[in-house]
Visitor: 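First the structure, then my questions, so here it is.
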Amino acid sequence: MKIGILTAGGDCPGINAAIRGVGKTAIVEYGMKVYGISSGFLGLINQEYQELDEHHLSGILTLGGTILGTSREKPFKPDDHRFNKVDKPKLIKKHYKELGLDALVCIGGNGTMKTAYRLYEEGLNIIGIPKTIDNDVWGTEVTFGFDSALWIATDAIDRLHTTANSHKRTMVIEVMGHHAGWLALYSGVAGGGDIVLIPEIAYDENILASYLERRVQNKKPYSIIVVAEGIKRKKHKSAASYISEMIQNKTGLETRETILGYIQRGGSPSPMDRILATRYGAHAVELMSRGEFGKMVAKKGQHTISIPLEEVRGKLRLVPVDHALIKKARYMDVCFGDRK
Ligand code: F6P
């Protein structure tokens, strides 16, 4: 078999471990040929690919980013410019066939799985591998990238405690997660955040102010507020600056904000992400060797499973408001802004 691999959407630690997992399983275990496609779906549109051999795959387990490059190209999204309209899906199918591919592995998040499903509907043999620091891909308990970003965000929050304590300040830190609050919830609990704001729970500004004032009355020297970038707030302001300004105005407390941004997407993957990415990559090849396509590999309990792409596309996995960790966090007196 001749298989193609592409990586699309926001990058994250662990993608190269997944490429390695697919490549080594395919080449060593199944004697397949492997082609790396550049810059996500753009590489298939523009015929930018090269054969990957074991040489290309060595030394990349611990390497952040993606050796193939990525893009947010959405081939099924109608072109907004009127001239030289290109039928991108048609080009992708043409180049897939010209390259002689028997299957294509798409490593990406929600948008990538949606495109992957559409290409499967068009007759291509597709397998999806879920990755994103947001951990918001439907159908799997976890995506690789999330654990690495959690380590980075938690380390940042740990560091904020010492400077907040030195200055007796209220520190606001904004973490990524797109429309989901997984990173904020997990890093907020791991980092000992006092307030954790996630898009899934509507917050009341007066409840936040009263909570902080109670902390001052209880002689707490400082507070840490972890906010997800996707929380509701006035437009044209980052979540962190909106919350920081609101707190300062309502309570008079001295606040400062930190936006962690793309640091959460960089660097070497955590051990757990290396293992998860390797398992996902290997499982993807096993599925292909059995002629099973139109599926996304996923984690369920201790097992690596697969689910139809049709079930995944267009869905978001958000934090359930009754999630066990939210309940336990409330026992630790964490405020989510929704209860007095
Ligand atoms: O999906 C990963 C992610 O980092 C989100 O958390 C964030 O909102 C988005 O990508 C940023 O997109 P871009 O990399 O295109 O700026």
Visitor: Are the charged groups of Lys94 and Asp87 less than 4.0 angstrom apart, N to O?
Guide: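 No, this pair does not count.
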
Visitor: Please work out which of the three classes, parallel, tilted or perpendicular, describes the rings of Phe144 and Tyr280, given edges at 30° and 60°.
Guide: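 The rings of Tyr280 and Phe144 sit tilted, inter-plane angle from 30° to 60°.
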
Visitor: Could you check if a side-chain atom of Trp182 sits within less than 4.5 angstrom of a side-chain atom of Val319, using non-hydrogen atoms only?
Guide: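 Yes; the side chains approach each other to less than 4.5 Å.
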
Visitor: What I'd like to find out is whether the side chain of Leu52 reaches to under 4.5 Å of the side chain of Gln50, using heavy atoms alone.
Guide: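 The answer is yes, as the side chains (C-beta and beyond) meet within the 4.5 Å cut-off.
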
Visitor: Answer yes or no: is there a donor N or O on one side and an acceptor on the other, between the side chain of Lys315 and the main chain of Asn110, under 3.5 Å?
Guide: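 Flag not set: sc Lys315 to bb Asn110 has no pair under 3.5 Å.
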
Visitor: Using salt bridge (charged side-chain N to carboxylate O under 4.0 Å, His left out) as the criterion, list what pairs up with Arg339, not counting sequence neighbours.
Guide: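 Partners of Arg339 by the salt bridge (charged side-chain N to carboxylate O under 4.0 Å, His left out) criterion come out as none, since no residue qualifies.
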
Visitor: Crowded around Lys300 NZ? As in, over 12 foreign heavy atoms under 6.0 Å?
Guide: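 Result for NZ/Lys300: open.
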
Visitor: Keeping Thr162 on the side-chain end and Asp158 on the backbone end, is there a donor-acceptor pair under 3.5 Å?
Guide: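 A pair under 3.5 Å: no.
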
Visitor: Taking atom CZ of Arg330 as the centre, does the number of heavy atoms from other residues, nucleotides or ligands within less than 6.0 Å exceed 12?
Guide: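 Enclosed.
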
Visitor: Would one find more than 12 heavy atoms of other residues, nucleotides or ligands at under 6.0 Å from atom CE of Met1?
Guide: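 Yes, the 6.0 Å shell around CE holds more than 12 heavy atoms from other groups.
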
Visitor: Any luck finding a side-chain donor-acceptor pair between Tyr242 and Glu205 under 3.5 Å?
Guide: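 Their side chains do contain a donor-acceptor pair, which is all the 3.5 Å distance test asks for.
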
Visitor: As an exercise, state the distance from CZ of Phe41 to CD1 of Ile92, rounded to the nearest 0.5 Å.
Guide: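 If I round to the nearest 0.5 Å, the distance is 6.5 Å.
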
Visitor: Side chains of Thr25 and Tyr30: does their closest heavy-atom pair fall under 4.5 Å?
Guide: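 Thr25 vs Tyr30: side chains touch.
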
Visitor: To the closest 0.5 Å, what do you measure between CD (Gln264) and CD1 (Ile259)?
Guide: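 It comes to 10.5 Å.
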
Visitor: If only side-chain N and O atoms count, and only distance matters, is there a donor-acceptor pair under 3.5 Å linking His323 with Glu200?
Guide: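 Their side chains do not contain a donor-acceptor pair, so the 3.5 Å distance test is not met.
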
Visitor: If you group Ile, Leu, Val, Met, Phe, Trp and Tyr by side-chain heavy-atom gaps below 4.5 Å, do Val312 and Ile126 land in one group?
Guide: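 In one cluster: yes.
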
Visitor: So, taking the atom named SG in Cys335 and the one named CD1 in Ile207, what distance separates them when rounded to the nearest 0.5 Å?
Guide: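 Rounded to the nearest 0.5 Å, the SG-CD1 separation comes out at 7.0 Å.
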
Visitor: When Leu6 is tested against each of Leu68, Leu44, Leu42, Ile107 for side-chain contact (heavy atoms from CB on, under 4.5 Å), which residue passes?
Guide: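 Only one of Leu68, Leu44, Leu42, Ile107 forms a side-chain contact (heavy atoms from CB on, under 4.5 Å) with Leu6, namely Leu44.
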
Visitor: Report yes if the side chains of Glu254 and Tyr222 come closer than 4.5 Å at any heavy-atom pair, otherwise no.
Guide: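 They are not in contact (no side-chain heavy atoms under 4.5 Å apart), so the answer is no.
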
Visitor: Under 3.5 Å, is there a donor on one side chain and an acceptor on the other for Glu48 and Ser38?
Guide: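 Judged by distance alone, the side chains do not pair up.
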
Visitor: Sequence neighbours left out, what passes salt bridge (charged side-chain N to carboxylate O under 4.0 Å, His left out) with Glu292? Give chain and number order.
Guide: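 Here the qualifying residues are Arg290, Lys295.
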
Visitor: Should we count NZ of Lys2 as having more than 12 external heavy atoms under 6.0 Å?
Guide: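 Atom NZ in Lys2 is crowded, with more than 12 foreign heavy atoms closer than 6.0 Å.
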
Visitor: Can a side-chain donor-acceptor contact be found between Ser268 and Arg274 if the only test is distance below 3.5 angstrom?
Guide: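 A donor-acceptor contact under 3.5 Å links the two side chains.
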
